[in-house]
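Comments concern the structure below.
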Protein chains: 2
Amino acid sequence: MHTIEYKPDIPIIRMIDQRRLPGTLEVLELETLEDVIHAIVDMAVRGAPAIGITAAFALALKGRSSTKATYKAWSTELGQAGEQLLESRPTAINLRWAVEQSLEFIQTLKDEALPVAQDKLDAFVQSLADEDVEINRRMAAHGAALLKDGSTVIHHCNTGSLAAVDYGTALGVIRYAHESGKQIHVLVDETRPRLQGARLTAWELDQYGISYHLISDNAAGYFLQTGQAEAVLVGADRIAANGDVANKIGTYMLALAAHDARVPFYCVAPRSTFDLRIRSGDEIPIEQRPEQEILSIQLGGEQIVPSGARAFNPAFDVTPHRLISTFITDSGLIAPPYPQSLKNLLEEE
Amino acid sequence: MHTIEYKPDIPIIRMIDQRRLPGTLEVLELETLEDVIHAIVDMAVRGAPAIGITAAFALALKGRSSTKATYKAWSTELGQAGEQLLESRPTAINLRWAVEQSLEFIQTLKDEALPVAQDKLDAFVQSLADEDVEINRRMAAHGAALLKDGSTVIHHCNTGSLAAVDYGTALGVIRYAHESGKQIHVLVDETRPRLQGARLTAWELDQYGISYHLISDNAAGYFLQTGQAEAVLVGADRIAANGDVANKIGTYMLALAAHDARVPFYCVAPRSTFDLRIRSGDEIPIEQRPEQEILSIQLGGEQIVPSGARAFNPAFDVTPHRLISTFITDSGLIAPPYPQSLKNLLEEE
């Protein structure tokens, strides 16, 4: 199955519960908007493309189960649902992009009978999901050309099928290279605090038969410095017009280490991750997540600190564009000098 | 009590079992050389100064419990014990320093009756331990002058009392500043994989009444980049003649982030941590520790990765001297240009 699926006939949203992996592969069935918002906030589903499509699905689910009798009441209700979804996680722009795309589409339905509008909205959000998979495959093909046969790459967080509807962004590039017959070995950053690398990326690599070793995030610099990695690949949660990248906490330090070792640092992201309305990374809101993610290693796990200890837990950081060697997008590769090259490509279409 | 103590009358070495903190404060009583080596390898005791003094204590313990009848047999046995101790952990030079100091001292005992030699060796290793505490206080006084009242500092690993006989290196500087009436807030790197920050440094800061927040190692760059930290302090396991610093894995990436944010990066280490016999960090052996430290979060804890997953676990990395703002030593502060400034100070005495 896909990471997330929408079943309008029931109606429900089904998703792999990413909090339970790799120990348990459990599928959640969500019936209400509130359930979906909780799943996003609590990170049962995570990854910028995945939460974008989940939000679009949530709007269609809400539209399908609505009891409103008029288009006006129905679309107002969905507008409010969109607002609630936007508040669930602030950093990844894909969520805003998907909500805005869906609400704009809803505006085009105002002359339809409600059952028809519901059907059309269902079809629209499904097309966004299908497109997401296509986009990822296209990005992967562009990016895989950059990876040499026999090379070792460092990967941060999880950016695979689980972070999208399917295939993924940075991990999609690695997968495509592997499926093209290249031998790629992955050093998997465990990615504290939520361990998306250790739990999710390792699990995905097992599925694809790609070889890997897990490393602590602290060790990435050592492997770069000692010439044991030929490339670094990351995804993105939001990219500003100047090319600054908000991504999972730790990306900035990893980019510094790649830069210091003169190893290429690739950021893999679809056009929906670029937020051309903001000039630089300074304007990207950084989500601060619960302290408990730091104070115990796994949610519900044993506390690892003295009782009463406090923590700060920013979930993302901003990597300045000067540290990005190349952006791998569905429209092709974008190399420096930024922001001019970004502007050229992204405004083309 | 001190982190480690030698009781020649029994004879035993007592040490706080650092694997059990912060949950349990347990004191180990070790009766044999083999027990002590196991405690070092398994990190019941860790921290460059602490394992140095532990090794010296272990030689005295071995000397005290020896059944050899002649000085020659006795000193040969201790020479072999020294070799075994040197193999226990390869990176920190303090261990080699302490073993060499002790074995040199043993050479001076060749005209003594064995019971006298044993007494003198006991007194010698105790003097090393006492001196360690004195040295740490001296370093702390030098370093505390660099910390501003009201400042927030980032600290990696554990470098406090637990990493030494008492008082510590980098954490000693923070403690001295606090005891001098300065308000210092510490951002404590949790320090994967063994969580010395979360488990040990947080515990120590609680004892001293110093305020702190725990952060994931990945987040240090965020706090530096956003101007929320005024200094970074680390210890060292070995410093080459050119000023390159081997220290706990992650130090290099932290130094890069401090450098990028133009925040001072202080390395706090006694003269026994400087290894003037090697020219650069390239010559420092990096210990590779068991995979299990990465595959489960705590030794004996739940596995966090798919079964069959492998890991790499380098315990240290090398921070190039160009990233060190100032060395804080028992002989005073050493500022660039290195290596000349290091050479001047260290060859003075």
Side-chain angles (χ1 to χ4, degrees), chain A residues 21-23 156 187-193 195 198-199 202-203 205-206 211-223 225-226 228 248-254 256-257 259-260 286 291 293-295 297-298 301-314 316-318 320, chain B residues 21-23 156 187-193 195 198-199 202-203 205-206 211-223 225-226 228 248-254 256-257 259-260 286 291 293-295 297-298 301-314 316-318 320:
Chain A
L21 288 172
H156 194 63
L187 298 178
V188 177
D189 261 6
E190 64 174 0
T191 317
R192 276 286 286 156
L195 298 167
R199 296 191 303 106
W203 183 79
L205 291 171
D206 273 348
S211 71
Y212 66 91
H213 277 80
L214 197 70
I215 60 173
S216 79
D217 307 312
N218 276 335
Y222 168 86
F223 289 101
Q225 188 180 41
T226 54
Q228 297 183 66
K248 178 54 53 203
I249 194 78
T251 302
Y252 166 52
M253 295 173 85
L254 180 56
L256 286 170
H259 187 261
D260 201 47
I286 299 297
E291 291 180 53
E293 294 181 356
I294 305 286
L295 300 177
I297 286 287
Q298 293 173 276
E302 192 188 344
Q303 178 131 330
I304 53 162
V305 292
S307 73
R310 302 292 307 274
F312 290 132
N313 186 14
F316 305 93
D317 58 27
V318 172
Chain B
L21 287 173
H156 194 62
L187 297 178
V188 177
D189 262 6
E190 64 174 2
T191 318
R192 277 285 285 154
L195 298 168
R199 296 192 303 106
W203 183 80
L205 291 171
D206 273 348
S211 70
Y212 66 92
H213 277 79
L214 197 70
I215 61 173
S216 79
D217 307 312
N218 277 334
Y222 168 86
F223 289 101
Q225 189 180 40
T226 54
Q228 297 182 66
K248 178 53 53 202
I249 194 78
T251 301
Y252 166 52
M253 295 173 85
L254 179 57
L256 286 170
H259 187 260
D260 202 45
I286 299 297
E291 292 181 52
E293 293 181 356
I294 304 287
L295 300 177
I297 286 287
Q298 293 174 274
E302 194 188 343
Q303 179 133 328
I304 53 162
V305 292
S307 73
R310 303 291 307 273
F312 291 132
N313 186 14
F316 304 92
D317 59 26
V318 172

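Everything numeric in this text was worked out from a predicted model, so none of it was measured. Throughout, a chain's letter reflects where its sequence line sits, starting with A, and its residues are numbered from 1.
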Which residue out of [options] racks up the most heavy-atom pairs below 4.5 Å with chain B?
| options | value |
| --- | --- |
| A:T251, A:D206, A:V318 | A:V318 |
| A:D317, A:D189, A:I249, A:T191 | A:I249 |
| A:I286, A:T226, A:L187 | A:I286 |

**Request:** Quick one: which of B:P306, B:A309, B:G221 has the most heavy-atom pairs under 4.5 Å with chain A, could you say?
**Result:**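 Most heavy-atom pairs within the cutoff with chain A belong to B:P306.
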Interface check, chain A: of B:A202, B:P314, B:S216, B:A219, most non-hydrogen pairs under 4.5 Å belong to B:P314
Under 4.5 Å to a heavy atom of chain B? For A:L205 that would be neither
Check: By a 4.5 Å heavy-atom criterion (distance strictly below it), what part of A:P22 contacts chain B: side chain, backbone, both, or neither?
Finding: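 Contact with chain B is through the side chain of A:P22 alone.
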Whatever's closer than 4.5 Å to a heavy atom in chain A on B:L21 counts as neither
If one checks every heavy atom of B:H156 against chain A at 4.5 Å, the contacting part turns out to be side chain
Find the distance between [atom1] ([X]) and [atom2] ([Y]) and round it off to the nearest 0.5 Å.
| X | Y | atom1 | atom2 | result |
| --- | --- | --- | --- | --- |
| A:R192 | B:E190 | CZ | CD | 4.0 Å |
| B:Y222 | A:F316 | OH | CZ | 11.5 Å |
| A:M253 | B:D260 | CE | CG | 10.5 Å |
| A:I294 | B:I215 | CD1 | CD1 | 8.5 Å |

Can you say whether the rings of B:H213 and A:F312 are parallel (under 30°), tilted (30 to 60°) or perpendicular (over 60°)?
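B:H213 and A:F312: parallel rings.
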Residues passing the side-chain hydrogen bond (donor to acceptor under 3.5 Å, both in side chains) test with B:N218, sequence neighbours excluded, are A:D217
Considering residues at least two apart in sequence or located in another chain, which fulfil the side-chain hydrogen bond (donor to acceptor under 3.5 Å, both in side chains) criterion with A:Q225?
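With sequence neighbours excluded, A:Q225 shows a side-chain hydrogen bond (donor to acceptor under 3.5 Å, both in side chains) to no residue whatsoever.
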What one should report as the nearest heavy-atom pair of A:A257 and B:Y252 is O-OH, 4.4 Å
